[in-house]
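Encoded as structure tokens, the structure appears first; notes follow it.
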Amino acid sequence: MNFKLGEINREKKLFLAIDIGNTKTKFALFLGDKIVFKDSIPTGIASSLFEKIREKPSEICIASVVPKVNPEILDRAKTLGITPRFVSYDKIKTSIKNPEKIGQDRIANVLAALDQYKPPIIIVDLGTATVFDCINKDSIYIGGAILPGIEISISSLFKRCALLSPVEIKEPKSLIGDDTKSAIQSGIFYGAIEQIDGMTRRIKKRIKGAMVIGTGGIDFFLPHLKGIDLIDSDLTLKGIRQYALS
């Protein structure tokens, strides 16, 4: 998605949402509540995102789980004359201990979910970690669960097993692989699905009637998850904008 210089109505303000994750940094320009441009880059070169922005935003808000990247992002933003805000827990109701330690991306997801959907809500975010976040019927964020993400599991498998070689992760032709490559593909693909669906079932038993929203960078798996009610790949970016608005 892209746009040309001069296409933006100068009377409307552009908002830049930045989601700095462990592996990727996603960012989007909003014109009102519409995303007019979005992209992602490796977090190691996160500050280069400003080279991809074709129009100057009037406001920037950030959700970051990689603090060491923040100073460079701030410096680049200040060259535009903008001091970004960071997402914080002050805009959500929560019952958990140490709310200041909640990941900023998780807070953004909660804000976006509550803005668009009726609680109770379970959010399943597939990223470097697979994260489940739970909002009860009273719109209170009550916590969740975190487990190793799909890519972490894959990397660990090949790192610890000397005779196994990396394979392309895709839906296998058969559940039962007839060689090592297809066996690995089956195990990773169906194993991840069963793990995530299993956790979703367990959590839904505790939060009756909850809507389940799927999001995250590993969105290849989302359509295969039986426990997901709807998919919103831009949930975190929307939540970053919602934080700045609320």
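- With rounding to the nearest 0.5 Å, the separation of CD1 in I203 from SG in C134 is 4.5 Å.
- Of all the heavy atoms in K91 and L111, the pair that sits closest is O-CD2, 3.6 Å.
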Q. Do T236 and N109 pass the side chain to side chain donor-acceptor pair (under 3.5 Å) test, and can you show the C-alpha distance, the side-chain angles, and the key distance before you say yes or no?
A. CA-CA 5 Å; T236 310; N109 283 344; 2.6 Å; yes
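- Residues L237 and I18 form no side-chain contact, since every pair of their non-hydrogen atoms from C-beta on lies 4.5 Å or further apart.
- For the pair D229 and A210, the tightest heavy-atom approach, listed with the atom from each and the gap, is OD2-O, 3.9 Å.
- I146 and I102 sit in two unconnected hydrophobic clusters of ILVMFWY residues. Membership requires side-chain heavy atoms under 4.5 Å apart, directly or through other members.
- Within the 3.5 Å criterion, the main-chain N or O of D133 finds no donor-acceptor partner in the side chain of R106.
- The backbone N or O of E100 sits nowhere less than 3.5 Å from a side-chain atom of N98 that would complete a donor-acceptor pair.
- Cluster membership for L31 and L245, using ILVMFWY side-chain heavy atoms within less than 4.5 angstrom, is not shared.
- Looking at L235 and I123, their side chains come closer than 4.5 Å, going by heavy atoms from C-beta outward.
- The environment of Q116 atom CD is dense: over 12 non-hydrogen atoms of other residues, nucleotides or ligands sit within 6.0 angstrom.
- The CD atom of Q104 sits 8.5 Å away from atom OH of Y243, with the distance rounded to the nearest 0.5 Å.
- When the shell of 6.0 Å around NZ of K181 is examined, it contains 12 or fewer heavy atoms from other residues, nucleotides or ligands.
- The aromatic rings of H224 and F189 sit perpendicular to each other, their planes meeting at more than 60°, with 30° as the lower class boundary.
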Q) Step by step, would you call L74 with F86 a side chain to side chain contact (heavy atoms under 4.5 Å, CB included)? A) CA-CA 10 Å; L74 286 172; F86 282 86; 3.7 Å; yes
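- The heavy-atom pair separating I135 from A113 by the smallest distance is CD1-CB, 4.3 Å.
- P223 approaches F220 most closely through the heavy-atom pair CD-O, 3.5 Å.
- The only member of D115, D232, D105 that meets salt bridge (Lys or Arg N to Asp or Glu O under 4.0 Å) when paired with K238 is D232.
- Taking a 6.0 Å sphere around CD of E72, one finds it holds 12 or fewer heavy atoms contributed by other residues, nucleotides or ligands.
- Remark: the backbone N or O of T128 is not paired with any side-chain donor or acceptor of T23 at under 3.5 angstrom.
- At least one donor-acceptor pair under 3.5 Å links the side chain of K56 to the backbone N or O of L80.
- Note on V131: it does not cluster hydrophobically with L126, by side-chain heavy-atom contacts below 4.5 Å among ILVMFWY residues.
- The CG atom of L147 lies 4.5 Å from the OG1 atom of T130; values are rounded to the nearest 0.5 Å.
- Atom CD1 of I240 sits about 12.0 Å away from atom CZ of F27, to the nearest 0.5 Å.
- Rounding to the nearest 0.5 angstrom, the gap separating the CD1 atom in I73 from the OG atom in S47 is 5.5 Å.
- Cluster annotation: I121 is connected to L230 through the hydrophobic network of ILVMFWY side chains, with a link wherever side-chain heavy atoms come within less than 4.5 Å.
- Note: R201 CZ to R206 CZ = 15.0 Å, rounded to the nearest 0.5 Å.
- By the neighbour-count criterion of 12 heavy atoms within 6.0 Å, atom CZ of R85 is densely surrounded, having more than that number from other residues, nucleotides or ligands.
- Checking T25 against T43 by side-chain atom types alone, a donor-acceptor pair falls below 3.5 Å.
- Across every non-hydrogen atom of F132 and M199, the tightest pair is CZ-CB, 3.5 Å.
- Put simply, the side chain of R241 gets close to the backbone of G32: a donor and an acceptor are under 3.5 Å apart.
- The main-chain N or O of L225 is never found under 3.5 Å from a side-chain atom of D197 such that the two would form a donor-acceptor pair.
- Closest non-hydrogen pair, I41 versus I45, comes out as CD1-O, 3.3 Å.
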Q.
Please evaluate residues Y117 and I213 with respect to the criterion side chain to side chain contact (heavy atoms under 4.5 Å, CB included), reporting the C-alpha separation (whole Å), side-chain torsions for both, the decisive distance (0.1 Å), and the verdict.
A. CA-CA 10 Å; Y117 310 107; I213 305 170; 3.3 Å; yes
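- Looking at S246, its side chain does come within 3.5 Å of a backbone N or O of Q242 through a donor-acceptor pair.
- Side-chain contact check for K13 versus E59: every heavy-atom pair is 4.5 Å or farther apart.
- A donor-acceptor pair is defined here as one N or O able to donate and one able to accept, closer than 3.5 Å; such a pair exists between the side chain of S58 and the backbone of L14.
- Using a 3.5 Å distance cut-off with no hydrogens or angles, the side chains of T215 and D125 do not pair a donor with an acceptor.
- No side-chain donor-acceptor contact under 3.5 Å links K38 to the backbone of I35.
- S186 contributes no side-chain N or O that, together with a main-chain N or O of S182, makes up a donor-acceptor pair within less than 3.5 Å.
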